[in-house]
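Worksheet for the structure shown next.
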Amino acid sequence: MASRSGGLTAAMLLTFAGATPAFPSEELLQDTCGGCHTAEDGGLTRITGQRKTPEGWMMTIVRMQQAHGLDISAEDRRAIVQHLADTQGLAPSEAAPFRYALEKDPNAQESFDEPFASMCSRCHTGARALLQNRTAEEWELHMDFHVGHFPTIEYQALGRDREWYKIAKSEIADYLAEQNPLETAAWTGWQAAEKQPVAGAWVVMTDLPGIGEAYGKLTVTGEASPYQVSGEFVTADGTAHPASGQMNLYTGYEWRANLDIGGTVYRQVLALSEDGNSLQGRQFDRGNDALGAPLRGVREGAGSVILGTVPSAVPAGEAQVQVVGTGLDGLESSTGATSANDFGAALTLAAEGNGVVTFSAGGAEGQIAHYTSVDSLRVEPAFTIARVGGGSDAGPDAVPAYFNAVGMWNGPDGEAGTEDDIRIGRVEAQWSVANAHEHAAHMKDTEYAGEMQANGIFMPAIAGPNPERPFSANNAGELKVQAEAMGQQAEAMLIVTVQRFIDPPIR
């Protein structure tokens with residue numbers, strides 16, 4: 001009986017640390033896939049004509065299990081993904097424009113030209129198509145695959161007004177073959193480049209949703225995937241959250257980790273810089289990927305680097321600030337006392353009024369604002385989506401939305417909301433929601449769609465028909481998320497919509 005993996009998350013699949021596979025990677029690939037894919041040019045048909053991200057290769061193997069009965073153990077599956085991502089992956093520059101899809105950024109918005117927009121990204125993200133490279137023949141076969149696996153594709157929304165298959169074969173396949181060919185200078189260069197070791201100590205900075213801005217240090221040990229990761233994250237009030245888990249490194253730069261941070265399991269989808277000295281990406285709650293934030297990191301000892309400060313801004317008066325980075329032993333500040341520590345340097349302030357404190361060390365520069373007032377507020381993100389959920393054992397959980405209030409000062413033009421405005425940083429705010437328009441008020445969206453919490457997290461309501469609403473409608477709605485601080489107000493748009501029942505690693 002073929003093994004199935006539909007119930008496993010991508011995070012679990014891509015960081016499985018099971019037993020050593022029975023064969024070296026190339027032999028394992030031949031043994032596992034050679035029953036259906038015949039030998040071709042030193043490889044296997046179909047497989048040799050494609051390059052993908054680790055998530056892309058995982059999706060392919062799981063589809064082989066679900067649609068074609070492939071029988072493979074979880075540990076062998078991980079080993080094959082590792083091999084294919086290392087030998088047929090994407091160069092850093094090829095993946096960079098579309099990393100938002102790998103990072104599951106809930107606030108990313110795509111914009112593509114026609115006909116690609118309607119032909120491809122009407123059913124999935126455009127990034128999903130562009131996070132792979134193929135031969136011209138493979139792109140044509142990919143069009144055939146769509147019709148074979150999704151025979152109603154020509155009759156779905158935005159498809160009834162065109163001959164989808166004809167356009168796909170005559171225009172889209174050629175476009176993608178030119179846009180994302182199998183052989184590129186970027187991939188050739190990356191294959192030849194010396195890959196940097198990932199083991200060592202990393203100073204990092206991020207935001208733990210519902211907890212606050214945080215900095216920390218992660219130590220990576222091991223010589224190959226899965227690496228062991230340990231360390232801690234510290235919030236602005238000094239609370240330490242121990243971190244531990246495992247990380248796989250794919251293609252020489254693709255960092256994928258599952259870490260327990262203070263009792264919550266987080267997923268890290270990061271990219272290691274080509275010089276091996278910095279990390280950048282997104283970290284999110286593995287149980288609910290909408291609750292996450294960007295993460296930046298620098299290798300300890302990689303010169304003088306300032307990632308930022310925690311907190312990002314402070315009310316005027318006495319304050320303790322952590323300048324996050326490395327090589328900051330000689331940090332000099334325009335005011336206040338500094339002292340180096342394991343995460344960069346501590347900065348003690350006693351500032352009055354509105355102003356900016358600057359600091360530098362070894363050519364690295366940074367600043368932090370102190371304030372008694374703001375000229376305006378900004379809610380980030382300005383637009384996002386939440387999803388109702390729960391209500392049954394089979395349905396997906398609710399997907400919340402996470403907001404922050406950012407203080408702003410007017411720039412030289414003295415007007416709020418213009419390009420020269422000065423960003424202060426995150427400020428404490430009071431949160432509320434309002435109906436977005438007249439129809440939302442008629443449907444009582446604020447009453448039924450969910451609840452805004454004091455920490456900036458909107459938690460949607462339960463899914464399913466609600467007999468208390470007109471037409472027993474679901475608890476969807478359109479809301480304005482409102483923040484108020486220091487006499488200023490700002491708002492963002494929130495759409496509360498229905499569940500996502502199918503949630504692949506790349507949407």
Side-chain angles (χ1 to χ4, degrees), residues 198-221 227-245 247 255 257 259-264 266 268 270 272-273 275-283 292-314 318-351 356-370 425-426:
V198 71
W202 296 86
V203 178
V204 296
M205 186 174 74
T206 187
D207 180 8
L208 302 176
I211 299 175
E213 296 169 314
Y215 58 92
K217 182 180 290 186
L218 299 176
T219 299
V220 178
T221 56
Y227 294 88
Q228 302 302 310
V229 182
S230 61
E232 66 178 359
F233 286 80
V234 184
T235 49
D237 63 1
T239 302
H241 302 262
S244 62
M247 181 268 291
W255 170 305
L259 300 185
D260 183 305
I261 303 175
T264 298
Y266 286 84
Q268 293 180 334
L270 311 176
L272 181 67
S273 64
D275 65 6
N277 286 330
S278 63
L279 288 170
Q280 190 164 344
R282 185 168 181 266
Q283 174 178 280
L295 182 147
R296 296 176 61 209
V298 60
R299 185 187 294 277
E300 189 175 61
S304 296
V305 178
I306 295 174
L307 296 176
T309 65
V310 173
S312 57
V314 292
E318 295 185 2
Q320 294 292 322
V321 175
Q322 176 63 43
V323 181
V324 186
T326 186
L328 306 184
D329 292 356
L331 187 72
E332 297 181 352
S333 174
S334 59
T335 186
T338 65
S339 59
N341 58 29
D342 288 345
F343 309 101
L347 172 61
T348 302
L349 295 178
V356 174
V357 176
T358 60
F359 39 82
S360 62
E365 298 180 346
Q367 64 181 38
I368 183 170
H370 54 86
R426 281 178 54 174

Fill in the blank from the handout: In terms of heavy-atom contacts, A313 and G425 come closest through CB-CA, 4.0 Å
Exercise for the section: Step by step, work out the side-chain contact (heavy atoms from CB on, under 4.5 Å) result for Q322 and N341. Expected result: CA-CA 9 Å; Q322 176 63 43; N341 58 29; 2.8 Å; yes
Exercise for the section: Kindly indicate whether the side chain of T348, heavy atoms from C-beta on, has any atom under 4.5 Å from the side chain of Q320. Expected result: yes
Fill in the blank from the handout: Closest non-hydrogen contact found for S333 with V357 is OG-CG1, 3.3 Å
Handout entry: Minimum-distance pair of heavy atoms, taken over all atoms of A240 and E232
Key = CB-OE1, 3.4 Å
Exercise for the section: Measure the CG-CD1 distance between L347 and I368 for me, rounded to the nearest 0.5 Å. Expected result: 7.0 Å
Completion exercise
Scanning both residues in full, the closest heavy-atom pair of I261 with A243 reads CG1-CB, 4.0 Å
Exercise for the section: Not counting sequence neighbours, list each pair that qualifies as a salt bridge (Lys or Arg N to Asp or Glu O under 4.0 Å) and has a residue in residues 328-341. Expected result: none
Problem - CG-CD distance between L218 and E300, expressed to the nearest 0.5 angstrom - result: 11.5 Å
Exercise for the section: Please answer whether the main-chain N or O of T358 pairs with a side-chain N or O of S334 as donor and acceptor at a distance below 3.5 Å. Expected result: yes
Completion exercise
CZ of R282 to CG of L270, rounded to nearest 0.5 Å, is 11.5 Å
Problem - V234 and H241: CA distance, side-chain angles, deciding distance, side-chain contact (heavy atoms from CB on, under 4.5 Å) verdict - result: CA-CA 6 Å; V234 184; H241 302 262; over 6 Å; no
Fill in the blank from the handout: Correct closest heavy-atom pair for K217 and F343 would be N-CE2, 3.7 Å
Handout entry: From V314, V356, V321, residue fulfilling side chain to side chain contact (heavy atoms under 4.5 Å, CB included) relative to H370
Key = V314
Handout entry: Distance, nearest 0.5 Å, that separates CE of M247 from OH of Y227
Key = 6.5 Å
Problem - Heavy-atom check, side chain of V229 versus side chain of L259, under 4.5 Å - result: yes
Exercise for the section: Answer yes or no: is there a donor N or O on one side and an acceptor on the other, between the side chain of R299 and the main chain of G200, under 3.5 Å? Expected result: no
Completion exercise
The reported gap from CE in M205 to OG1 in T309 (rounded to nearest 0.5 angstrom) is 7.0 Å
Handout entry: Any I306 side-chain heavy atom under 4.5 Å of F359 side chain
Key = yes
Practice task
Please tell me if the side chains of W255 and V220 come closer than 4.5 Å, counting only heavy atoms from C-beta onward.
Solution key: yes
Completion exercise
So CG of L208 and OG1 of T206: to nearest 0.5 Å the spacing works out to 6.0 Å
Handout entry: Which atom of G276 lies closest to which atom of W202, heavy atoms considered
Key = O-CH2, 3.3 Å
Problem - Any donor-acceptor pair under 3.5 Å from T326 side chain to G301 backbone - result: yes
